[in-house]
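Note sheet for the following structure.
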Number of protein chains: 2
Amino acid sequence: MRGLGKRRTGWRVFVSTYESAIDAKGRVSIPAPFRAALGGGTRIFLWSALDGSGCLEGGGEALMAMYRATLTRLPPQSPVRKALVSTIFAGSADLKMDETGRIKLTDELIKVAGLNGRVKFAGNIDSFQIWDPDKHAAFTTAMSETAAKPETLAALGEAYNDVLRQHELGHYPDLKLVEGGEG
Amino acid sequence: MRGLGKRRTGWRVFVSTYESAIDAKGRVSIPAPFRAALGGGTRIFLWSALDGSGCLEGGGEALMAMYRATLTRLPPQSPVRKALVSTIFAGSADLKMDETGRIKLTDELIKVAGLNGRVKFAGNIDSFQIWDPDKHAAFTTAMSETAAKPETLAALGEAYNDVLRQHELGHYPDLKLVEGGEG
DNA sequence: TGGGGTATCATGGGCGGCCATGGGCCTCAA
DNA sequence: TTGAGGCCCATGGCCGCCCATGATACCCCA
């Protein structure tokens, strides 16, 4: 892909939201910051979001490795595990980014997500989502309403304080979080 | 087989689902990504899925080596081990891929899986499944319904967080805890 | 602080190679 | 001899690779 430069030292997290177009061949440019978050990998996995929200969810090999490790913690023949393997592994498209950072969405993916012309890429920490812009707008509105609720804020504050306390109390003695550079 | 080039090197996992045809001679093309996941091996083992779901399950030599190692952990004469050896080892067809990446399914396999004309190859992480397309559609629907249940999502999230916590530092090398105080 | 230059990025389009599939020929066994 | 399986070549469609272009954001320098 075109050089990513050294913008935003590599911290492999999917942040922010970007819009891009689906061309006549069904190709979509992965936003450059997301390509950086993929850590140079060119293999993209995409599946229909489990919760039925109507978006696509996806990531690179690192994410799939995480899911693989996760699923092996569930009882092998349990309905839960089978459902997740079927949905995430069997259900995902295994796409390869081209040299300019694009992937070709399958008709199936376009259909289930109701995509048409333009898409929104939304960062989701370890993964990202692909939305139809209208659906995304509705989703965003609903989310910000929930976020503003006192319970939400309280839950955030509590969890945040837990983390803070753990660091302070020496659960991780003398350690602090920093951003790593490229090298 | 036709050169796979260097596409999708690394990471031998069976992901995604592909459809292909059974030709007049009973041959089926193994999807190219699955051939890559087989790591260049041309020997395919296939048996009727243990859970009675009506599909075939299979993989390459790596998978059988795993099963071999697994079964030797069970008491030699235990009914469990005998049943598994009988189903997986005695019950498998040992097929060889031809130069173009096809295998010939036995009549037995076609019959137990109810195959007819076209088949679906579904990735299953370390193994893959072969389905009649209609059965597969029904299975997929059932699985995505289960996957969308709050309990399932909760179980996934919990297991994921466990893995995250365990690998917190290892998997995100750019986000590291370092020694050192304020200075 | 403003303007020009440059690097990066999103997008369009052409082309070759890969892949799924069809089919022929040879060998071997019944 | 016939049918089945193994091996090979042929082919058409599609995917991935590549080049090109315009737009934009960023940087540097005046």
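Reminder, nothing fancy here: chain letters follow the sequence lines and each chain counts from 1.
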Donor-acceptor pair, distance only, cut-off 3.5 Å: does the side chain of [X] make one with the backbone of [Y]?
X: T17(B); Y: A90(A); value: yes
X: S48(B); Y: L56(B); value: no
X: T152(B); Y: A148(B); value: no
X: R81(B); Y: L74(B); value: yes
X: T141(B); Y: A137(B); value: yes

Could you check how far [atom1] of [X] sits from [atom2] of [N], rounded to whole Å?
X: M97(B); N: dG5(D); atom1: CE; atom2: C1'; answer: 17 Å
X: R43(A); N: dG16(D); atom1: CZ; atom2: P; answer: 12 Å
X: L95(A); N: dC14(D); atom1: CG; atom2: P; answer: 17 Å
X: D98(B); N: dG22(C); atom1: CG; atom2: P; answer: 13 Å
X: E19(B); N: dG13(D); atom1: CD; atom2: P; answer: 19 Å
X: E99(A); N: dT21(D); atom1: CD; atom2: C1'; answer: 18 Å
X: D94(A); N: dC15(D); atom1: CG; atom2: P; answer: 14 Å

Taking N and O atoms by type only, does the side chain of K25(B) place a donor or acceptor under 3.5 Å from a partner on the base of dG3(D)?
no
Donor/acceptor link under 3.5 angstrom from R27(B) side chain onto base of dG5(D):
no
R35(B) side chain, from C-beta outward: closest of dC9(C), dC19(C), dC8(D):
dC19(C)
Please tell me which of the listed nucleotides, dT21(C), dG22(C), dA10(C), lies nearest to the side chain of D23(B)?
dG22(C)
Are there more than 12 heavy atoms of other residues, nucleotides or ligands under 6.0 Å from atom CD of E158(A)?
no
Work out how much the helix from dT1(C)-dA30(D) to dA30(C)-dT1(D) bends between its end axes, five pairs an end, to the nearest 10 degrees.
30°
So which of F128(A), F121(A), F34(A) actually passes ring pair (Phe, Tyr, Trp, His ring centres under 6.0 Å) with Y18(A)?
F34(A)
Indicate, with a heavy-atom threshold strictly under 4.0 Å, whether S29(A) touches base, sugar-phosphate, or nothing.
base
Name the nucleic acid region contacted by A21(A), choosing base, sugar-phosphate or nothing; use a 4.0 angstrom heavy-atom cut-off, strictly under.
sugar-phosphate
Relative to the ring of W47(B), is the ring of Y67(B) parallel (under 30°), tilted (30 to 60°) or perpendicular (over 60°)?
perpendicular
Does dC17(D) have its OP1 or OP2 closer than 4.0 Å to a side-chain nitrogen or oxygen of K96(A)?
yes
Considering only heavy atoms, which members of residues 102-117 of chain A lie under 4.0 Å from some atom of DNA chain D?
R102(A), K104(A)
So that I can tick it off, tell me whether K120(A) and D132(A) are bridged by a salt bridge, with the cut-off set at under 4.0 angstrom between side-chain N and carboxylate O.
no
